[in-house]
Number of protein chains: 2
Amino acid sequence: MIKIISNMGELKKFLLGKGIKPTYQRLEILYYMLKKMNSHPTVDTIYEELYLKIPPLSKTTVYNILKSFVEKKIISAITITGSEVRYDANITPHHHFLCTKCGRIIDLDLKCPFEMQDKNRVLGHRVEEVHGYLKGICKECLKRRKNEIFKRNKN
Amino acid sequence: MIKIISNMGELKKFLLGKGIKPTYQRLEILYYMLKKMNSHPTVDTIYEELYLKIPPLSKTTVYNILKSFVEKKIISAITITGSEVRYDANITPHHHFLCTKCGRIIDLDLKCPFEMQDKNRVLGHRVEEVHGYLKGICKECLKRRKNEIFKRNKN
DNA sequence: ATGACTGCAAAATATTTGCATATTC
DNA sequence: GAATATGCAAATATTTTGCAGTCAT
């Protein structure tokens, strides 16, 4: 979707173009999602941060709006943790890595080879979405752990 | 894990080998999971079907046992639907397809190319698990739809 | 007898639904 | 003004927790 964080006017036009009424709440949520690109917030995080700014905002509304954005393919839903749904405004083809140490979800800018197969078919099934969810220990946690071991050995 | 559905004696030995006490509930749940290989049941399904056979079975126990099986890598947890966790006793490397029409989860026996990269590192992160979740319309639903359109055109 | 496992009830968390009110074009 | 969106409260669904009782060695 829109690469550069746009102003409200541009976002309004964007939503209208998608056949979505650009209400105040929708604009604010979309703006927030674009600003927080790469942070993969939950409904709760979005609600907690936004209702301070635009009260009264209802969690139901956040659920509704995110759901409609997912249907219109403006954002995508990520279920890597298994305990709650996270949302991502980066809808260019990419995949996700969940660090089991720090809990971060990291974007992996790798094209998924599944997508390459003949006209979106995999073993005869028509593929419309591909989610690569990898889990393990992220680069930063590995480095931190290495440093700790190094320090311990020096003492 | 065990390819051929074993008898209770073999399962008992298997669990003992993994350092897990082979209680009645654990054996029955493992037996059920192997029998229902490829059906990816939820906690609820497992509970509903098993408590008829082995009452009193508690849902808490089902949660406990499945969790311990996942930790010991006897089964794996699948979060493709986003609304509940499903379990899979097939732990050979494979991926999953969710049909948005019929709701089935289908095993895709494809190796994930992510796994091929240098010693389990992807972009510097250490990868311990890889889940490929694809969504779309399955072969059977595509065929059914095709037939319906064909019939409609004949009339 | 010790330690681990099970099961109930209650709590916690995440999400959905029904309906009255408010907003947008 | 008609259609749609929002927000509250309550309902539902999923999973976790605390604890008492039970089982196996």
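Just the heavy atoms: all of them, side chains too, but no hydrogens, waters or symmetry mates, feed the values below. Labels below follow one simple rule: chain letters A, B, ... track the order of the sequence lines, proteins then strands, and each chain is numbered from 1. Computed from a predicted model, the values in this text were never measured in an experiment.
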So, is A:Ser58 near the phosphate of D:dC8, with a side-chain N or O under 4.0 Å from OP1 or OP2? no
Could you check how far [atom1] of [X] sits from [atom2] of [N], rounded to whole Å?
| X | N | atom1 | atom2 | result |
| --- | --- | --- | --- | --- |
| B:Ile20 | C:dT6 | CD1 | C1' | 16 Å |
| B:Leu66 | D:dT14 | CG | C1' | 14 Å |
| B:Tyr51 | C:dC8 | OH | C1' | 15 Å |
| A:Ile65 | D:dT6 | CD1 | C1' | 8 Å |
| B:Leu15 | C:dA4 | CG | P | 17 Å |
| B:Glu28 | C:dG7 | CD | P | 12 Å |
| B:Leu57 | C:dC5 | CG | P | 16 Å |
| B:Leu27 | D:dC23 | CG | C1' | 14 Å |

Applying ring pair (Phe, Tyr, Trp, His ring centres under 6.0 Å) as the test, list every pair that has at least one member in residues 47-69 of chain B; sequence neighbours left out.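 Every pair satisfying ring pair (Phe, Tyr, Trp, His ring centres under 6.0 Å) with a residue in residues 47-69 of chain B: B:Tyr47-B:Tyr51.
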Describe, as an angle rounded to 10 degrees, how the axis at the first end of the helix from C:dA1-D:dT25 to C:dC25-D:dG1 is tilted relative to the axis at the last end, five pairs per end.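 Taking five pairs per end, the axes differ by 30°.
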Summary of protein contacts for nucleotides 11-25 of chain C, nucleotide by nucleotide, where a base hit scores B, a sugar-phosphate-only hit scores S (4.0 Å, heavy atoms): ---SBBB------BS
Pairs flagged by side-chain hydrogen bond (donor to acceptor under 3.5 Å, both in side chains) wherever residues 13-27 of chain B is involved - sequence neighbours left out: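 Listed once each, the pairs would be none.
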Which other residues end up in the same hydrophobic cluster as B:Leu142, if Ile, Leu, Val, Met, Phe, Trp and Tyr are linked when side-chain heavy atoms come under 4.5 Å apart?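 In the cluster with B:Leu142 are B:Ile137.
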Residues forming a salt bridge (charged side-chain N to carboxylate O under 4.0 Å, His left out) with B:Glu49, sequence neighbours excluded: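 With sequence neighbours excluded, B:Glu49 shows a salt bridge (charged side-chain N to carboxylate O under 4.0 Å, His left out) to B:Lys36, given in chain and number order.
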What pairs meet the salt bridge (charged side-chain N to carboxylate O under 4.0 Å, His left out) rule with one or both residues in residues 50-62 of chain B, with sequence neighbours excluded? B:Glu28-B:Lys53, B:Asp44-B:Lys59
Counting only heavy atoms not in B:Lys135 (residues, nucleotides, ligands), do more than 12 fall under 6.0 Å from its NZ? yes
Looking at every heavy atom in both B:Tyr133 and B:Ile78, which two are closest together, and how far apart are they?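 Nearest heavy atoms, B:Tyr133 then B:Ile78: OH-CA, 3.4 Å.
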Judged by each residue's nearest nucleotide on DNA chain C, which is more toward the 5′ side, B:Arg26 or B:Tyr47?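 By nearest-heavy-atom nucleotide position, the 5'-most residue is B:Arg26.
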Taking only residues two or more places apart in sequence or in another chain, which ones pass side-chain contact (heavy atoms from CB on, under 4.5 Å) with B:Asp107?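 Per chain and number, B:Asp107 pairs via side-chain contact (heavy atoms from CB on, under 4.5 Å) with B:Asn38, B:His40, B:Asp88, B:Asn90, B:His94, B:His96.
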Residues two or more places apart in sequence or in another chain: which of them pass side-chain contact (heavy atoms from CB on, under 4.5 Å) with B:Glu148? B:Arg144, B:Arg152
